Amino acid sequence: MSIKPARTRIAPSPTGHMHLGTARTALYDYLLAKKTGGQFILRIEDTDLKRTVPGAEQEIMDGLLWLGLEYDEGPDLGGKYGPYRQTERREIYTQHAKILIDSGHAYPCFCMPEKLEKTRQAQMKRKENPHYDGTCRVLAPDEAAKRMANGEAYIVRFKMPKEGVTVARDHLRGDIITENKQLNDYVLLKSDGLPTYHLAAIVDDHEMQITHVLRGSEWLGTFPLHVNIVRAFGWEEPIWIHLSVFLKPSGKGKMSKRETAAAIKDGYSIFIKDMQELGFTPEGVLNWSALMGWGVAEDEVMTVDQMIERFNIDSLTASPAAINFQKLDHFNATHIRLFTTEDLAARLKPYFTREGLNVNDEVLLKIIPLIRERLVTLDDCLAFGTFFFREDVTPNPEDLIAKGLDAKQSAQIAQRVYQILAEQPDISHERCESPLRAYVEESGFNVNQVFGILRVAITGQKVSPPLFESMEIIGREKCLQRIKNAIEILEKMFNK
RNA sequence: GCCCCCAUCGUCUAGUGGCCCAGGACGAAGCCCUCUCAAGGCUUAAACCGGGAUUCGAAUUCCCGUGGGGGCACCA
């Protein structure tokens, strides 16, 4: 890889929620920039006024911030090559369109959209490829100039070479050769005066001195066009890297609205904002998405710093990758286990607070080692930790009855356990375990029965962190109270 | 319909002509550990899309099929 500092950019359109694909491209951009000591830039491609949605730009910036992919230049930060919002760069594009017209690489087109639509229909009917018929391409320059001067509405089209081939080099696929006759006279400047992607992206990437263009493979179709535009300007080309798309989990096609909705029902999403809310961590999401399209031989679990260390554009892959949410779970859980206790506590606290619980920081710190390896997503802490912060618990009466026993026997066990624990000077793990195990021995019941009743009594649930450690944290008073409560519940069951 | 891209276990991938009867990870199965659930340890099953060609030798190069994906807008 080149050791020259790379300038990379993520250039999303603010047309909807920020999704996984944007995040991964941004990650690679970021890794490449950091690896080479270069810069990573955010540019907002908002030239389609009709599709721009309010708030989308903010969501992108928030998403990048949450992921920790800090950009060096952007609409909110400014920078040497600004502005970084395309609607604010209008003049730059009109100037460049003019340069292309003057050099004979582009021309004004006065054709009306309705007329264009008609020819397109006719072409399709004749089973031809839909393409611009070239009416205005052959207009004499002075006539075109006259009509422009008369104030006639026009757009600007790129004058594609009709003959020969275009050789465009993608870093992952090598030379892509396209016959020029397959290419259209694409629109560069729209009637609202704003550029299309084709002009805007090419001009900006050059003006902003982008060295590596990482983008989705959906741009492969117009890639030859872009290369032709760069060459028409006489500019040096960046290194082009077209990243494969993400396929839905079945591997058949891109994520559609339907799959997206289905995923959310299962607690997954391809939208960054959702993932954050679903309890996924930036570390997990980044590690997971990094490895869809980037192959490392071993040691797949990486922090961002380790990724920077190991990143290499040569080891990116060109084939589409099916999304695998189980693997997201794995990476998320693994990174959670890597967090320091303090860090995890800080991330977990909001989940408890949101439930209206009064979180004692000391207790929170103590329960972390107990619940850490049980969390897949951060919000799982609720399932494992809520009972630590409640005054009392309300077990399901059925759950208090141990397997193979009835309510009366279970109550007897609870009684005895209460006595044993009440005799202890404190309720520490060391103190309580052996007398209880001794009771299990002599009583003839099994551990699961006895500890099961105790677990439900103390935690209110059948699945919980380790019992004795939990009791110690909850404290003697509360534990005894909860057992007493359980006994009452059981007694009510066989007395009625 | 036309154009382009891609093709290794179910999935993500390692592999750049011999180190590969193909390695890792997720998931699955089994065993161990165990107070539940996890985590952890060990083990197992699981792939080079098909056919030609080049070569002493091909998962790796080339061609043809097939399959999959993407694109054919005054959207990005």
Side-chain angles (χ1 to χ4, degrees), chain A residues 11-15 45-48 50-51 109 111-113 116-117 120 124 127-132 153-157 168 170 172-173 176-179 181-184 186-192 194-198 200-201 215-224 242 244-245 247 249-254 288 291-301 314-315 317-331 333-334 337 371-376 380 383-384 433 436-437 440 446-452 454-456 459 461-468:
Chain A
S13 290
T15 54
E45 309 221 322
D46 55 350
T47 56
D48 187 347
K50 292 183 288 292
R51 291 208 308 153
C109 171
C111 297
M112 285 299 166
L116 260 23
E117 189 51 41
R120 205 187 340 262
M124 302 231 291
K127 304 221 177 208
E128 284 172 25
N129 273 349
H131 62 278
Y132 177 58
Y154 70 96
I155 58 173
V156 176
R157 285 180 185 277
D170 173 77
L172 304 181
R173 296 158 232 266
I176 295 169
I177 302 165
T178 314
E179 287 181 289
K181 66 176 182 210
Q182 300 292 345
L183 274 8
N184 208 344
Y186 288 91
V187 174
L188 260 24
L189 223 50
K190 300 180 282 187
S191 53
D192 62 4
L194 282 165
T196 58
Y197 172 90
H198 311 306
R215 37 142 60 161
S217 67
E218 63 268 24
W219 293 112
L220 238 25
T222 41
F223 183 26
H242 292 89
S244 60
V245 292
L247 270 23
S250 66
K252 306 235 181 264
K254 287 207 284 192
W288 173 58
L291 261 18
M292 288 189 283
W294 171 30
V296 296
E298 257 154 74
D299 300 320
E300 294 191 339
V301 176
D314 296 338
S315 51
T317 57
S319 48
I323 288 175
N324 182 348
F325 288 118
Q326 283 180 319
K327 207 151 184 172
L328 169 60
D329 280 343
H330 166 255
F331 279 114
T334 307
R337 278 177 248 133
I371 66 173
R372 188 188 345 244
E373 66 264 29
R374 279 164 246 267
L375 307 180
V376 173
D380 288 341
F384 286 108
E433 183 161 4
L436 281 178
R437 285 197 185 271
V440 169
N446 68 43
V447 231
N448 288 333
Q449 290 170 326
V450 175
F451 287 9
L454 185 52
R455 160 170 287 107
V456 176
T459 68
Q461 51 200 55
K462 288 162 91 171
V463 172
S464 82
L467 234 198
F468 295 102

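Convention: sequence-line order gives letters A, B, ...; per-chain numbering from 1. Being a predicted model, the structure only gives us computed values, none of them experimental.
A heavy-atom distance below 4.5 Å is not found between the side chains of A/T196 and A/L189. A/S217 is listed as a side-chain neighbour of A/R173, based on a closest heavy-atom distance under 4.5 Å. Between A/C109 and A/Y154 the shortest side-chain heavy-atom distance does not fall below 4.5 Å. A/L454 is listed as a side-chain neighbour of A/L436, based on a closest heavy-atom distance under 4.5 Å.
With a 3.5 Å ceiling on both atom-pair distances, the Watson-Crick or G-U wobble partner of B/rU11 is B/rA25. Shown here, B/rC72 forms a base pair with B/rG1; the pair counts as Watson-Crick or G-U wobble because both key distances fall under 3.5 Å. B/rU61: Watson-Crick or G-U partner is B/rA53, with both key distances under 3.5 Å. B/rU36: no Watson-Crick or G-U partner with both key distances under 3.5 Å is found in any strand. The pairing partner recorded for B/rC42 is B/rG30, the criterion being a Watson-Crick or G-U wobble arrangement whose two distances lie under 3.5 angstrom.
Within 4.0 Å (heavy atoms only), A/G253 reaches sugar-phosphate atoms of the nucleic acid but no base atom. Using a 4.0 Å heavy-atom criterion, one finds that A/E300 contacts the bases of the nucleic acid, with or without backbone contacts as well. Base engagement by A/P466 is indicated by at least one non-hydrogen atom pair under 4.0 Å involving a base atom. Among the atoms of the strands shown, base atoms are found under 4.0 Å from some heavy atom of A/W219. Here A/I155 lies in heavy-atom contact (under 4.0 Å) with a base. When heavy atoms are screened at a 4.0 angstrom cut-off, A/P224 is found touching no nucleic acid atom at all. Counting non-hydrogen atoms under 4.0 angstrom, A/S319 reaches the backbone sugars and phosphates but no base. Within 4.0 Å (heavy atoms only), A/L467 reaches at least one base atom of the nucleic acid.
In the set B/rG69, B/rC75, B/rG24, B/rC75 carries the atom at the smallest distance from any side-chain atom of A/R51. When distances are taken from the side chain of A/F384 to each of B/rA76, B/rC35, B/rC37, the shortest belongs to B/rC37. Out of B/rU13, B/rC35, B/rC75, the shortest distance to the side chain of A/R437 is found at B/rC35. For A/R374, the side-chain atoms get nearest to B/rC37 when compared with the rest of B/rC4, B/rC37, B/rC74. For A/N129, the listed nucleotide lying nearest its side chain is B/rG1; candidates were B/rU36, B/rG24, B/rG1. In the set B/rA38, B/rC35, B/rA76, B/rC35 carries the atom at the smallest distance from any side-chain atom of A/R455. Closest to the A/L220 side chain, of the nucleotides B/rC5, B/rC3, B/rU13, is B/rC5. Taking every side-chain heavy atom of A/Y197 into account, B/rA76 is the closest of B/rC12, B/rC35, B/rA76. Closest to the side chain of A/K327, from the set B/rG27, B/rC35, B/rG24, is B/rG24. Set against B/rA39, B/rA76, B/rC12, the side chain of A/S13 has B/rA76 as its closest nucleotide.
The number of heavy atoms from other shown groups lying within 6.0 Å of CZ (A/F325) is above 12.
Atom name C1', nucleotides B/rA47 and B/rA7: the rounded distance is 12 Å, in whole Å. Comparing B/rU61 with B/rC2, their P atoms are spaced 28 Å from each other, to the whole Å. Taking atom P on both B/rC49 and B/rC6, the two are 15 Å apart, rounded to the nearest angstrom. Spacing between B/rG27 and B/rG67 at atom P, rounded to whole Å, works out to 33 Å. Between B/rG15 and B/rU60, the distance separating the two C1' atoms is 8 Å to the nearest Å. B/rC20 and B/rC5 have their P atoms separated by 33 Å, given to the nearest Å. B/rG70 sits 14 Å from B/rC12 when the P atoms are compared, rounded to a whole Å. Atom name P, nucleotides B/rA45 and B/rA22: the rounded distance is 11 Å, in whole Å.
Between the CD atom of A/Q461 and the P atom of B/rU36 there is a distance of 15 Å, rounded to whole Å. Here B/rG70 presents its C1' atom at 13 Å from CZ of A/R215, a figure rounded to the nearest Å. Summarising the geometry, the separation between CG on A/N324 and P on B/rC26 is reported as 11 Å, rounded to the nearest angstrom. The separation between A/D299 atom CG and B/rC26 atom C1' is 15 Å, rounded to whole Å. Per the geometry, CG belonging to A/L183 stands 9 Å off C1' belonging to B/rC3, to the nearest Å. Atom CG of A/D329 and atom P of B/rC37 are 19 Å apart (whole Å). One interatomic measurement links the two molecules: CZ of A/F223 to C1' of B/rC4, which rounds to 12 Å at whole-angstrom precision. The distance from atom NZ of A/K181 to atom C1' of B/rC72 is 16 Å, rounded to the nearest whole Å.
OP1 or OP2 of B/rG40 has at least one side-chain nitrogen or oxygen of A/R337 nearer than 4.0 Å. In this structure, A/K190 reaches the B/rA76 phosphate: one of its side-chain N or O atoms is under 4.0 Å from OP1 or OP2. Contact between the side-chain N/O atoms of A/T47 and the OP1/OP2 oxygens of B/rA76 is found at a separation under 4.0 Å. For the OP1/OP2 pair of B/rU13 and a distance below 4.0 Å, the side-chain nitrogens and oxygens of A/T317 include at least one atom meeting the criterion. Of the side-chain N and O atoms in A/K252, none sit less than 4.0 angstrom from OP1 or OP2 of B/rG10.
Using a 30° and 60° split on the angle between ring planes, A/W219 and A/Y197 fall in the parallel class, below 30°.
For A/F451 and A/F468, the ring centers sit closer than 6.0 Å to each other.
Figure legend: A/R157 and A/Y186 shown without cation-pi pairing, the cationic atom not lying both under 6.0 angstrom from the six-membered ring centre and within 45 degrees of its axis.
When each of A/E218 and A/L291 is assigned the nucleotide of RNA chain B with its nearest heavy atom, A/L291 is the one assigned upstream, toward the 5' end. Mapping A/F451 and A/G295 onto RNA chain B via the closest heavy atom, the residue that lands nearer the 5' end is A/G295.
The line from CD of A/E300 to NE2 of A/H330 is 8.0 Å long, rounded to the nearest 0.5 Å.
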